[in-house]
Amino acid sequence: MLLRGSVAARSLPSLSALSEVLRLEQSRRTGIVFPLQKLARYLAPGVDTELFRLFQPGLDALHRAERLFRSDRGHTIDYVSSAVRMDHAPPPNLPEVCFIGRSNVGKSSLIRALFSLSPEVEVRVSKTPGHTKKINFFKVGKYFTLVDMPGYGYRAPKDFTEMVEAYLQERHNLKRTFLLIDGVVGLQKTDHIAVEMLEEFGIPYVMVLTKIDRASKGVLLKNVLEIQDYVKEKSHGCFPQLFLVSSLEFSGVHLLRCFVAHVTGNLPTAEAT
């Protein structure tokens, strides 16, 4: 749920803005903006890292994407509505991306991190898994809509399957689905079911590994390589590059903003690669 808060009462979190990240020394800067590339340094010699850098935007593209997530007088980021049925959803007038994942995967925390540059907007994050029970729509100016889906698995809404299947099948303006995977535990059985659903409906999607600040480098590498193998063997609609994020440290958040801008048509391909 999106709440209006006091602009004066909130300050921007550390490293939420790209300008702050650029003040860091090179190694840490790379770790914040391109965490997957930094992780690649710990792979054994000779391991192919091509899939670690398929989407590698330059500084201008990162700045342009950041402006989309920073509200101002002529560019408003706001909650639009919530829906449990598609006839309650707002008109599909803008390109759309949706975020989906297991309950307690950190979905609301990631969305709050993405919107952190707009201090008047607050995304409610609950300590209780399964807090999101409806499909929540956030309009990002005239450019795109970001959709927060209910979590699956533990404490999922009883009509979760019907709700989500209807959205995926009927929302023809949906450009990309972001499937969030817990970086500590990796792919779970319920995640496999979500992948099968996306594949069955022919929905283009990308996997995002969350909570990377809580996992050791060894665990992260293991999960990354296992997911890459899984995508190679089982997927036809998944973007081959995995995205790593920490909503606490803002690792990968700047890159993910850029990818959202790209897949919604707000960043030319030439600038995004």
Undergrad: Side chains of Asp78 and Thr76 only: does a donor on one sit below 3.5 Å from an acceptor on the other?
TA: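 Asp78 vs Thr76: no donor-acceptor pair found between side chains.
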Undergrad: Can you classify the ring geometry of Phe115 versus Phe69 as parallel (below 30°), tilted (30 to 60°) or perpendicular (above 60°)?
TA: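 Because their plane-to-plane angle lies in the 30° to 60° range, the rings of Phe115 and Phe69 count as tilted.
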Undergrad: Could you report the tightest heavy-atom contact between Leu255 and Gln241, atom names first, then the distance?
TA: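 Looking at all heavy atoms of both residues, the closest pair is CD2-NE2, 4.3 Å.
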Undergrad: Tell me whether Glu96 is salt-bridged to Lys175, with the criterion being a basic N under 4.0 Å from an acidic carboxylate O.
TA: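 Salt bridge absent between Glu96 and Lys175.
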Undergrad: Are Val245 and Leu209 packed together at the side-chain level, in the sense that at least one heavy-atom pair is separated by less than 4.5 angstrom?
TA: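 In short, these two side chains do not touch, never coming nearer than 4.5 Å.
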Undergrad: So with a 6.0 Å cut-off around CZ of Arg214, is the heavy-atom count from everything else above 12?
TA: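 No, because the 6.0 Å sphere around CZ of Arg214 holds 12 heavy atoms or fewer from other groups.
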Undergrad: Any side-chain heavy atom of Ile193 within less than 4.5 Å of one from Tyr152?
TA: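 No - every pair of side-chain heavy atoms lies 4.5 Å or more apart.
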Undergrad: Does Glu25 CD have over 12 foreign heavy atoms under 6.0 Å away?
TA: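 Yes, enclosed.
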Undergrad: Are the side chains of Val195 and Lys234 in touch, meaning some heavy atoms are under 4.5 Å apart?
TA: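 Counting from C-beta outward, Val195 and Lys234 never come under 4.5 Å.
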Undergrad: Can you tell me how far apart CG (Leu248) and CG (Asp213) are? Round to the nearest 0.5 Å.
TA: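 Atom-to-atom, Leu248:CG and Asp213:CG are 5.0 Å apart.
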Undergrad: Is the shortest side-chain heavy-atom distance between Leu68 and Asn266 below 4.5 Å?
TA: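 Answer yes - side chains close enough.
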Undergrad: Any side-chain heavy atom of Ile77 sitting closer than 4.5 Å to one from Lys139?
TA: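 Side-chain contact under 4.5 Å: no.
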Undergrad: Rounded to the nearest 0.5 Å, how far does CG of Leu198 lie from SG of Cys238?
TA: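 Answer for the SG-CG pair, Cys238 versus Leu198, is 9.0 Å.
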Undergrad: Quick check: is Phe250 connected to Leu22 through a chain of hydrophobic side chains (ILVMFWY, heavy atoms under 4.5 Å apart)?
TA: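 Yes: a chain of side-chain contacts under 4.5 Å links Leu22 to Phe250.
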Undergrad: Using the rule given for side-chain contact (heavy atoms from CB on, under 4.5 Å), can you reason through Ile100 versus Tyr205, listing the C-alpha separation, both sets of side-chain angles and the distance that settles it, and then say yes or no?
TA: CA-CA 10 Å; Ile100 190 171; Tyr205 63 102; over 6 Å; no
Undergrad: State, without any angle test, whether Gln37 and Thr30 hold a side-chain donor-acceptor pair at a distance under 3.5 Å.
TA: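 Looking only at side-chain atoms, Thr30 and Gln37 do not form any donor-acceptor pair under 3.5 Å.
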Undergrad: Under the side-chain contact (heavy atoms from CB on, under 4.5 Å) criterion, do Leu225 and Leu43 qualify, and how do the steps go?
TA: CA-CA 10 Å; Leu225 296 176; Leu43 288 168; 3.9 Å; yes
Undergrad: Quick one: do the Tyr167 and Glu162 side chains pair a donor with an acceptor below 3.5 Å?
TA: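 No, no side-chain donor-acceptor contact under 3.5 Å.
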Undergrad: Is Glu66 reaching over with its side chain to a backbone N or O of Ala17, donor-acceptor style, under 3.5 angstrom?
TA: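 Such a contact is absent between Glu66 side chain and Ala17 backbone.
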Undergrad: Is there a side-chain contact between Ile135 and Val147 (heavy atoms, below 4.5 Å)?
TA: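 Side chain of Ile135 against side chain of Val147, heavy atoms only: contact under 4.5 Å found.
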Undergrad: Please report the C-alpha distance between Phe52 and Phe34 in whole Å, then the side-chain angles of each, then the deciding distance to 0.1 Å, and finally whether the ring pair (Phe, Tyr, Trp, His ring centres under 6.0 Å) criterion is met.
TA: CA-CA 9 Å; Phe52 282 50; Phe34 300 108; over 10 Å; no
Undergrad: Should Ser235 and Glu199 be marked as a side-chain contact (heavy atoms from CB on, under 4.5 Å) after you check the CA-CA gap, both sets of side-chain angles, and the distance that decides it?
TA: CA-CA 7 Å; Ser235 170; Glu199 291 286 338; 2.8 Å; yes
Undergrad: Students often mix this up, so state it plainly: with edges at 30° and 60°, are the rings of Phe259 and Phe178 parallel, tilted or perpendicular?
TA: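 Phe259 vs Phe178 ring planes: perpendicular.
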Undergrad: Between Thr145 and Pro95, is any pair of side-chain heavy atoms under 4.5 Å apart?
TA: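 No; the side chains remain at least 4.5 Å from each other.
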Undergrad: Met86, Met197: one ILVMFWY side-chain cluster at the under-4.5 Å cut-off?
TA: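 Met86 and Met197: one cluster.
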Undergrad: Counting only heavy atoms not in Tyr230, do more than 12 sit closer than 6.0 Å to its OH atom?
TA: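 Counting neighbours around OH of Tyr230, more than 12 heavy atoms of other residues, nucleotides or ligands fall under 6.0 Å, so yes.
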Undergrad: Just wondering, do Val224 and Leu244 contact through their side chains at under 4.5 Å, heavy atoms?
TA: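 Leu244 reaches Val224 side chain to side chain.
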Undergrad: Say you draw a straight line from CZ of Arg67 to CG of Leu62; how long is it, rounded to the nearest 0.5 Å?
TA: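 Going from CZ on Arg67 over to CG on Leu62, the span is 11.0 Å.
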Undergrad: If I compare all heavy atoms of Arg64 with all of Leu267, which pair ends up nearest, and what's the gap?
TA: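 Here Arg64 and Leu267 meet closest at CD-CD1, 3.5 Å.
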